[in-house]
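Below is one structure; the comments refer to it alone.
All ligand and atom numbering here is 1-based and tracks the order in the structure. The shown structure was predicted, so the numbers you read here are calculated from the model rather than taken from an experiment. Sequence positions, counted from 1, serve as the residue numbers for this chain.
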Amino acid sequence: MTNTAKKVVVVTGASSGIGEAVARRMAADGHIVVAGARREERLETIATEVRAAGGTIDVGPLDVTDRAAMIAFVTAAAERHGRVDVLVSNAGVMLLSMIGELLVDEWDRMIDVNLRGLLNGIAAVLPVFRAQGSGHLVSVASIGAHSVVPTSGVYSATKYAAWAVAEGLRQESDPGLRVTTVSPGVTESELAEHISDPVAREAMLEYRRNVVPASAIAAAVAYAVDQPAGVDVNEIIVRPAAQRP
Ligand code: NDP
């Protein structure tokens, strides 16, 4: 039995790829969506299409590395809709390179978006969840949270860390709080387009030939969200069937 009650769902990194697919899927499932990212124009286009299809969505600018902005974003969603039931912490960057290349600014960016962004989301939403006595954090990690390959050391570190934070939160929380980590394999999105290191970029072109659509990850998020209140889907890994490893 699933629980398809209408929920207020905040999604970070909703301007493309998996976050966009999650926002569209949640709206199509009848939930109230509050979607943030830095590219406002992209969000507005998505919002227009979602509303035309009968969905309910608010969009707004959000940089998850800015804790005050993250708190303001979640607070505004809670004030407008009376509650926040789900935070999908999805915003992320994958700036692959060999550690020896010392692309230190890119290391920092991955730590800031992938790890601090998740922590900022938790800092923003946990007080709301506590006041309600319920809530659901869905963290989009990666198969990079389960394995390391050359060029993925720092990216994987941020995703292992995201996995650990979610697991810690799950163990510490009251039963009303659910925590899910969704770990995608290679998924159609803009993620690899931001890699600056030519070697890692070239390797990714080959590696990313087999992909699942972002909607496949959105379906996994929907599965976790729609479970009855007492059922916490802790982790889902979704890979293309052809992906090795
Ligand atoms: P995209 O590059 O398509 O999407 C990334 C999203 O994150 C964009 O909406 C981007 O929006 C947003 N974002 C980046 N930086 C920030 C920031 N500082 N504040 C707010 N939003 C930000 O890639 P994906 O959809 O693939 O990535 C989504 C998540 O999935 C990431 O966490 C990624 O690590 C994870 N993942 C993806 C895999 C894949 O193969 N695609 C595999 C495993 C994990 P904007 O630039 O407008 O801010």
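- Atom CZ of R25 is separated from atom CG of D29 by 4.5 Å, given to the nearest 0.5 angstrom.
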With the criterion set at N/O pairs under 3.5 Å, what does the list of contacts between the protein and ligand 1 look like, atom names and distances included?
{"from": "ligand 1", "atom 1": "2 (O)", "to": "L191", "atom 2": "N", "distance (Å)": "3.4"}
{"from": "ligand 1", "atom 1": "3 (O)", "to": "S16", "atom 2": "OG", "distance (Å)": "2.8"}
{"from": "ligand 1", "atom 1": "3 (O)", "to": "E190", "atom 2": "N", "distance (Å)": "3.0"}
{"from": "ligand 1", "atom 1": "4 (O)", "to": "S16", "atom 2": "OG", "distance (Å)": "3.2"}
{"from": "ligand 1", "atom 1": "9 (O)", "to": "G13", "atom 2": "O", "distance (Å)": "2.9"}
{"from": "ligand 1", "atom 1": "9 (O)", "to": "S15", "atom 2": "N", "distance (Å)": "3.2"}
{"from": "ligand 1", "atom 1": "9 (O)", "to": "S15", "atom 2": "OG", "distance (Å)": "2.8"}
{"from": "ligand 1", "atom 1": "9 (O)", "to": "S16", "atom 2": "N", "distance (Å)": "3.4"}
{"from": "ligand 1", "atom 1": "11 (O)", "to": "S15", "atom 2": "OG", "distance (Å)": "2.8"}
{"from": "ligand 1", "atom 1": "15 (N)", "to": "R38", "atom 2": "NH2", "distance (Å)": "3.3"}
{"from": "ligand 1", "atom 1": "18 (N)", "to": "D63", "atom 2": "OD1", "distance (Å)": "2.9"}
{"from": "ligand 1", "atom 1": "19 (N)", "to": "V64", "atom 2": "N", "distance (Å)": "2.9"}
{"from": "ligand 1", "atom 1": "23 (O)", "to": "S189", "atom 2": "OG", "distance (Å)": "3.3"}
{"from": "ligand 1", "atom 1": "25 (O)", "to": "I18", "atom 2": "N", "distance (Å)": "2.8"}
{"from": "ligand 1", "atom 1": "26 (O)", "to": "S189", "atom 2": "OG", "distance (Å)": "2.6"}
{"from": "ligand 1", "atom 1": "32 (O)", "to": "N90", "atom 2": "O", "distance (Å)": "2.8"}
{"from": "ligand 1", "atom 1": "32 (O)", "to": "K159", "atom 2": "NZ", "distance (Å)": "2.9"}
{"from": "ligand 1", "atom 1": "34 (O)", "to": "Y155", "atom 2": "OH", "distance (Å)": "2.7"}
{"from": "ligand 1", "atom 1": "34 (O)", "to": "K159", "atom 2": "NZ", "distance (Å)": "3.0"}
{"from": "ligand 1", "atom 1": "40 (O)", "to": "G185", "atom 2": "O", "distance (Å)": "3.4"}
{"from": "ligand 1", "atom 1": "40 (O)", "to": "T187", "atom 2": "N", "distance (Å)": "2.8"}
{"from": "ligand 1", "atom 1": "40 (O)", "to": "T187", "atom 2": "O", "distance (Å)": "3.4"}
{"from": "ligand 1", "atom 1": "40 (O)", "to": "R208", "atom 2": "NH1", "distance (Å)": "3.1"}
{"from": "ligand 1", "atom 1": "40 (O)", "to": "R208", "atom 2": "NH2", "distance (Å)": "3.1"}
{"from": "ligand 1", "atom 1": "41 (N)", "to": "T187", "atom 2": "O", "distance (Å)": "3.0"}
{"from": "ligand 1", "atom 1": "41 (N)", "to": "S189", "atom 2": "OG", "distance (Å)": "3.1"}
{"from": "ligand 1", "atom 1": "41 (N)", "to": "R208", "atom 2": "NH2", "distance (Å)": "3.3"}
{"from": "ligand 1", "atom 1": "46 (O)", "to": "R38", "atom 2": "NH2", "distance (Å)": "2.9"}
{"from": "ligand 1", "atom 1": "46 (O)", "to": "R39", "atom 2": "NE", "distance (Å)": "3.3"}
{"from": "ligand 1", "atom 1": "47 (O)", "to": "S15", "atom 2": "OG", "distance (Å)": "2.8"}
{"from": "ligand 1", "atom 1": "47 (O)", "to": "R38", "atom 2": "N", "distance (Å)": "3.3"}
{"from": "ligand 1", "atom 1": "47 (O)", "to": "R39", "atom 2": "N", "distance (Å)": "2.9"}
{"from": "ligand 1", "atom 1": "47 (O)", "to": "R39", "atom 2": "NE", "distance (Å)": "2.8"}
{"from": "ligand 1", "atom 1": "48 (O)", "to": "R38", "atom 2": "N", "distance (Å)": "2.8"}
{"from": "ligand 1", "atom 1": "48 (O)", "to": "R38", "atom 2": "NE", "distance (Å)": "2.7"}

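- Using a cut-off of 4.0 Å between Lys/Arg side-chain N and Asp/Glu carboxylate O, E235 and R170 are scored as not salt-bridged.
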Working for side-chain contact (heavy atoms from CB on, under 4.5 Å), residues F129 and S173: CA-CA 10 Å; F129 287 171; S173 295; over 6 Å; no
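- The one candidate from N114, T158, I195, T151 that meets the side-chain contact (heavy atoms from CB on, under 4.5 Å) condition with M94 is I195.
- Judged as a side chain to side chain contact (heavy atoms under 4.5 Å, CB included), and not counting sequence neighbours, the contacts of V50 are R24, A27, I46, I57.
- In this structure, R109 does not pair ionically with D105, as no charged nitrogen and carboxylate oxygen lie closer than 4.0 Å.
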